[in-house]
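Heads up: the structure comes next, in structure tokens.
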Amino acid sequence: MNHKIRVMSVFGTRPEAIKMCPLIRELEKRKEIESIVCVTGQHRQMLDQVLDIFQVKPDYDLKLMKDRQTLTTITTEVLLHLGTLFQEVKPDIILVHGDTTTSFSAALAAFYQQIPVGHVEAGLRTYDKYSPFPEEMNRKMISQIAELYFAPTENNKKNLKKENIQEGIYVTGNTVIDAFPYTVKKDYIFKEERIKKIDFYKKRLILMTAHRRENLGKPLENICYAIKHLAEENRDIQVVYPVHLNPVVRSTVYEILGNVERVYLTEPMDVEDMHNLMSQSFLIMTDSGGLQEEGPHFGIPVVVLRTETERPEAVEAGTVVVAGTKEEEIFEIANTLLNNTQVYEKMAHAINPYGDGHASERIVEALIEWKKNKKNELEMRK
């Protein structure tokens with residue numbers, strides 16, 4: 001008789017894959033667990049790159065990505081396909097990550113079949129349902145469905161308890177820190193041609209990303225003009241900006257920054273290029289969530305190009321600063337970090353609150369404990 005825990009991990013986007021693949025590799029090591037991987041393909045090419053780097057082969061690939069897909073079409077397609085798949089595979093528990101539409105839809109599909117859900121990276125909140133959109137509501141709704149909560153920090157645990165979630169919470173750290181041993185390499189050779197031309201020794205590097213829905217339009221324009229101003233005022237810096245494929249993002253970015261000296265606009269990077277570039281940066285400027293966790297691991301200050309963050313513990317720790325989306329405020333904060341050694345060093349030496357690189361191990365141990373408790377409960381009822 002097979003007593004292994006049948007754990008199905010479901011994800012569909014590049015950021016999810018980066019954070020789930022180290023966990024999947026850990027699941028595969030344990031004799032107590034049968035690990036099953038299902039990808040929805042909400043992102044396609046970028047997702048496949050991550051799977052290749054971590055050498056994770058999906059057992060099921062729903063291949064749902066379509067041109068002009070919407071939140072509605074992603075949700076309904078995931079629900080329909082996973083409903084059938086769950087009936088076939090009969091997993092003991094479904095693992096979903098974070099706040100994507102794939103994760104919410106997978107959790108809902110599991111709930112409809114009364115399959116327990118484990119939420120990796122649980123408890124992040126801004127308390128504004130439209131910022132980030134739709135992520136804030138996705139993660140809140142997953143919290144109402146889940147049975148196990150793998151919270152990166154104590155602050156995330158407190159958020160869950162405020163919502164009357166009292167059981168099944170484990171503080172684990174963030175699995176993104178677990179990813180670095182797989183991706184960051186000494187003497188790494190970049191794949192992106194424009195990065196190969198960069199002199200990492202003579203000029204300081206700013207790595208930036210900006211593409212969130214709530215920043216489209218005037219906020220993104222402000223961000224770009226702030227970067228342009230920084231490059232003009234600081235001749236010893238260079239900026240690398242992997243530009244999102246969204247045509248609205250690209251038109252704004254290329255119009256404002258396309259001809260700015262020492263600003264390198266590239267295509268989206270795979271996780272190896274991104275992590276290795278990050279490790280050699282002087283400063284990170286981003287509206288991304290993940291980079292707020294990743295940058296501090298390397299002792300790099302992070303300027304958040306948003307009006308709020310669901311990672312307040314990073315602000316409290318001093319590893320990130322929220323700059324907002326106004327041009328002058330972004331410029332002033334970043335320019336201070338570039339030119340005030342004391343301010344820079346204070347941020348660079350702050351302790352990263354997102355863990356020690358062993359989050360995946362803690363999650364696996366929690367799953368094994370959960371299964372043992374379930375078994376004991378069944379035996380007591382007999």
Side-chain angles (χ1 to χ4, degrees), residues 12-18 41-50 65-71 73-74 98-102 126 130-136 138 192-195 205-231 238-260 262-271 273-274 277-278 281 283-292 294-295 302-310 322-327 329-331 334:
T13 69
R14 176 182 181 270
E16 287 173 284
I18 293 169
Q42 182 179 334
H43 293 170
R44 185 71 272 168
Q45 183 181 355
M46 292 188 289
L47 172 67
D48 291 341
Q49 289 173 347
V50 177
M65 184 172 182
K66 296 177 181 176
D67 290 338
R68 299 182 182 180
Q69 61 189 5
T70 66
L71 297 176
T73 59
I74 295 168
D99 51 25
T100 67
T101 301
T102 280
T126 65
Y130 292 115
S131 181
F133 174 84
E135 288 85 358
E136 177 71 4
N138 282 344
E192 169 62 51
E193 289 298 325
R194 297 205 77 186
I195 301 176
L205 176 67
I206 296 176
L207 171 62
M208 73 161 291
T209 68
H211 67 266
R212 298 193 80 87
R213 285 184 182 88
E214 57 267 31
N215 276 346
L216 298 183
K218 185 63 174 175
L220 183 58
E221 292 175 14
N222 291 341
I223 290 166
C224 291
Y225 280 119
I227 295 299
K228 182 178 180 182
H229 191 183
L230 280 172
Q238 51 202 343
V239 180
V240 175
Y241 183 173
V243 186
H244 197 276
L245 297 177
N246 185 331
V248 179
V249 174
R250 294 175 80 83
S251 63
T252 300
V253 171
Y254 277 90
E255 180 180 345
I256 298 170
L257 295 175
N259 296 310
V260 177
R262 290 171 286 104
V263 174
Y264 300 91
L265 305 179
T266 75
E267 295 304 302
M269 295 180 195
D270 70 23
V271 65
D273 267 9
M274 195 66 170
L277 186 63
M278 192 185 308
S281 297
L283 184 66
I284 293 170
M285 301 178 68
T286 184
D287 65 4
S288 161
L291 272 81
Q292 296 176 50
E294 295 165 332
V302 179
V303 178
V304 180
L305 305 171
R306 292 165 58 183
T307 55
E308 81 294 301
T309 178
E310 58 279 269
V322 178
T325 57
K326 294 181 179 177
E327 179 186 345
E329 291 177 8
I330 295 168
F331 173 81

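When a residue number appears, it is its place in the shown sequence, counting from 1.
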Side chain proximity check, Y264 to L205, heavy atoms < 4.5 angstrom: no
Using modelled atom types and a 3.5 Å cut-off, is there a donor and acceptor pairing between side-chain atoms of E136 and backbone atoms of T126? yes
Option from Q292, E214, H211 for which side-chain contact (heavy atoms from CB on, under 4.5 Å) with D287 holds: H211
Is K218 salt-bridged to E327, cutoff N-O under 4.0 Å? no
Step-by-step side-chain contact (heavy atoms from CB on, under 4.5 Å) determination, M274 to L291: CA-CA 10 Å; M274 195 66 170; L291 272 81; 4.1 Å; yes
Can you name the nearest heavy-atom pair linking M278 to G295, along with the distance? SD-N, 3.8 Å
To the closest 0.5 Å, what do you measure between CD1 (I74) and OG1 (T101)? 5.5 Å
Could you report the tightest heavy-atom contact between V248 and N246, atom names first, then the distance? N-OD1, 2.9 Å
If you look at every heavy atom in R306 and P132, which pair is closest and at what distance? NH2-CD, 3.7 Å
Could you give me the CA-CA distance, side-chain angles and deciding distance for L216 and V249, then say whether side-chain contact (heavy atoms from CB on, under 4.5 Å) is met? CA-CA 7 Å; L216 298 183; V249 174; 3.5 Å; yes
Kindly give the heavy-atom pair with the smallest separation between A17 and L47, and that separation in Å. CB-CD1, 3.6 Å
Under the 3.5 angstrom rule, does the side chain of N215 hit a backbone N or O of L305 as a donor-acceptor pair? yes
Residues in side chain to side chain contact (heavy atoms under 4.5 Å, CB included) with T266, at least two apart? E192, R194, V240, P242, M269
Rounded to the nearest 0.5 Å, how far apart are CE of M208 and OG1 of T286? 8.0 Å
For residues S288 and R212, report the shortest heavy-atom separation together with the two atoms involved. CA-NH1, 4.1 Å
Check whether the side chains of S131 and E308 place a donor and an acceptor atom closer than 3.5 Å, and report yes or no. yes
Side-chain donor or acceptor of D270 paired with backbone N/O of Q49 under 3.5 Å: no
Side chain of R250, backbone of V243: donor and acceptor closer than 3.5 Å? yes
Enumerate donor-acceptor pairs with a distance under 3.5 Å from any side-chain N or O in residues 219-231 to protein atoms, sequence neighbours excluded.
unit_1 : atom_1 : unit_2 : atom_2 : d
N222   : ND2    : T325   : O      : 3.0

Check this for me: Y130, atom OH, are more than 12 non-hydrogen atoms of other residues, nucleotides or ligands nearer than 6.0 Å? no
Heavy-atom pair with the smallest gap, counting every atom of D99 and N138: O-ND2, 2.9 Å
Side-chain (Y241) to main-chain (A210) donor-acceptor, under 3.5 angstrom: yes
